[in-house]
Structures are given as C-alpha cells and as structure tokens.
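Since the model is a prediction, treat every value here as computed from it, not as a measurement.
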Amino acid sequence: AQAAGEADREDKALELQGTIDALMESSRELDRTNADLRQRMAEQEQYNQELVKLDDMKSRLLGNVSHELQTPLVSIRGYTEMILKGRLGPVSEEQRRGLSTALTNIDRLIGMIDGLLAFSRSEDELGRLHLTIVPLHQLVEECEDQIRPKLGPKSLDLAIRQEQPGILVHGDREKLFQVFVNLMSNAVKYNREGGRIEVVTRKGD
C-alpha cells in the first residue's frame, strides 16, 4: 500500500511538473507574440510617419507647381485678350474665332489651376480654423477685386449691394474668402454672355 501511495504521488508530481512546463512554454510564447506585436506596431508607426511626410511633400509640390503654372497663363491670357480686341493690330474674323477658342481654353486651364491651389491650401489647413471677427464689407470688396478681371470675356456686369454696412462675421477669414470667390467664380463661369451678377449682403432674420 505504501509503494502504491508513493507511485501515486510521483505520478501527480510528474503531472504537476508537466502542467508547470506547459504554462511556462505558453508564457514564453505569449512574450514572443507581444514582442512581435510591438515590433509590428513600431513598423506601422514609422510607415504612418513616412506617409505623412510624403503627403506633405505632395501638397507642397502641388501648390508650387500650380502657382508656377498660373503666372505665365495669366500673362498669356492678357496678351491673347489684347490681340482679340485689336489692340496690337487688326484681326480677321477667322483669327478672332481662333483667339476666342484659345481664350476659352486658357480660362479653363486657369480655373483648373485655381482649383488645384485651393485643394492644396485646404489639405494644408484641414481641420484648423483661425477664427476672427471679419468685417463683411472688406471681405466682399476683396472678392470683387479678385473677380472683376474675369468679367471681360463674357462682358458681364457685377453689382455689389451692401444693404447694412458694418456687418461683422465670426469665422475663418481665408476660408470665408475662398467660399465667396468660388461662388462668384461659378457665377461668372456659368453665366450667359452679357449677363449680370449681383451680390447683396444683409443680416439674417
């Protein structure tokens, strides 16, 4: 009976040791898994940082290239319009049609570049608002200065009516300016020949 009891204790000791060994192996496997996860997380973080840098480089490149393209195109547009209006000499009807088509395409390119510039600025400023008190009349007048040069090709008339002077707006000045410019640019783009654009400012009810 004593021998049987000792054998049983030895079996239980062996079973316990096996359980301990299995637990220790599981613990080592868990440590290895955690180490692998930490390494993968570090690699992912480095990858994310590289993506942020690349995205920033892309936005800067987009803005720089768009700006560099815009300057010569505006100059080309100005000279094309001067030739079309006969300021540099007589123009035949056939030449006038060709110049009008060229001017339309130049305006289209300038509009696309304006869109790219706006996109690059919006990406750069995404999520960041610089809130200030903005005099509405100043904002509208600046937008008017920006838009008036675009009225000529369609002989459009632009009227600004500020019914209540002294209106103040709480918002991001640059983003408000871009909204107004985009709205007025669309009014120019989709207007008819010889049409009229009217901008009225007043306090809401």
Practice task
Spell out, yes or no, whether Leu84 and Leu156 are grouped together once hydrophobic residues are joined by side-chain heavy atoms under 4.5 Å, including indirect joins.
Solution key: no

Handout entry: Lys/Arg-Asp/Glu bridge criterion (N-O < 4.0 Å) met for Glu163, Arg161
Key = yes

Problem - From CG (Asn182) to NZ (Lys189), nearest 0.5 Å - result: 11.0 Å

Exercise for the section: Using the rule that two of Ile, Leu, Val, Met, Phe, Trp, Tyr join whenever any of their side-chain heavy atoms come within less than 4.5 Å, decide whether Ile167 and Ile160 are in one cluster. Expected result: yes

Handout entry: Arg96 vs Glu93 side-chain heavy atoms within contact, under 4.5 Å
Key = yes

Exercise for the section: Please check if Leu158 and Phe177 belong to a single hydrophobic cluster, counting links between Ile, Leu, Val, Met, Phe, Trp and Tyr side chain heavy atoms closer than 4.5 Å. Expected result: yes

Problem - Ile133 side chain reached by Val169 side chain, heavy atoms, under 4.5 Å - result: no

Completion exercise
Rounded to the nearest 0.5 angstrom, the CG-CD1 distance for Asn105 and Ile110 is 11.0 Å

Completion exercise
Heavy-atom nearest pair, Leu131 first then Asp172, reads CD2-N, 3.8 Å

Exercise for the section: Examine Val200 and Leu183 and state if one hydrophobic cluster contains both, with Ile, Leu, Val, Met, Phe, Trp and Tyr joined whenever side-chain heavy atoms are less than 4.5 Å apart. Expected result: no

Problem - Side-chain heavy atoms of Arg97 within contact of Thr101, under 4.5 Å - result: no

Practice task
Walk me through it: do Ser92 and Gln95 pass the test side chain to side chain donor-acceptor pair (under 3.5 Å)?
Solution key: CA-CA 5 Å; Ser92 69; Gln95 290 171 332; 3.3 Å; yes

Problem - Option among Ile197, Asn186, Leu151, Asp157 that satisfies the side chain to side chain contact (heavy atoms under 4.5 Å, CB included) test with Asn191 - result: Ile197

Exercise for the section: Find out whether Arg77 and Asp107 are in side-chain contact, i.e. whether some heavy atom of one side chain is under 4.5 Å from a heavy atom of the other. Expected result: yes

Problem - Path from Val91 to Ile76 over hydrophobic side-chain contacts below 4.5 Å - result: no

Handout entry: Between CE on residue Met41 and CG on residue Asn34, distance to nearest 0.5 Å
Key = 10.5 Å

Exercise for the section: Decide if atom CD of Glu15 counts as having more than 12 heavy atoms of other residues, nucleotides or ligands within a radius under 6.0 Å. Expected result: no

Exercise for the section: Answer yes or no: are there more than 12 heavy-atom neighbours, outside Glu94 itself, under 6.0 Å from its atom CD? Expected result: no

Fill in the blank from the handout: Between the OH atom in Tyr79 and the CD1 atom in Ile106, the distance rounded to the nearest 0.5 Å is 13.5 Å

Handout entry: Carboxylate-amine/guanidinium proximity below 4.0 Å for Arg28 and Glu25
Key = yes

Completion exercise
For Arg196 and Ala159 the tightest heavy-atom approach is NH2-CB, 3.2 Å

Problem - Donor-acceptor contact below 3.5 Å, side chain Ser26 vs main chain Ala22 - result: yes

Exercise for the section: Return yes if some donor-acceptor pair links the side-chain N/O of Asp36 with the main-chain N/O of Arg32 below 3.5 Å, else return no. Expected result: no

Problem - Minimal non-hydrogen separation, Lys150 against Val188, with atom names - result: O-CG1, 3.6 Å

Which atom pairs, donor and acceptor, lie under 3.5 Å between side-chain atoms of residues 134-145 and protein residues at least two apart or in another chain?
| unit_1 | atom_1 | unit_2 | atom_2 | d |
| --- | --- | --- | --- | --- |
| Glu142 | OE1 | Arg173 | NH1 | 3.1 |
| Glu142 | OE2 | Arg173 | NH2 | 2.9 |
| Glu144 | OE2 | Arg148 | NE | 2.9 |
| Glu144 | OE2 | Arg148 | NH2 | 2.9 |

Handout entry: Side-chain heavy-atom pair Leu99, Leu103 within 4.5 angstrom cut-off
Key = no

Handout entry: Pairing residues for Lys154 by the salt bridge (Lys or Arg N to Asp or Glu O under 4.0 Å) criterion, not counting sequence neighbours
Key = none

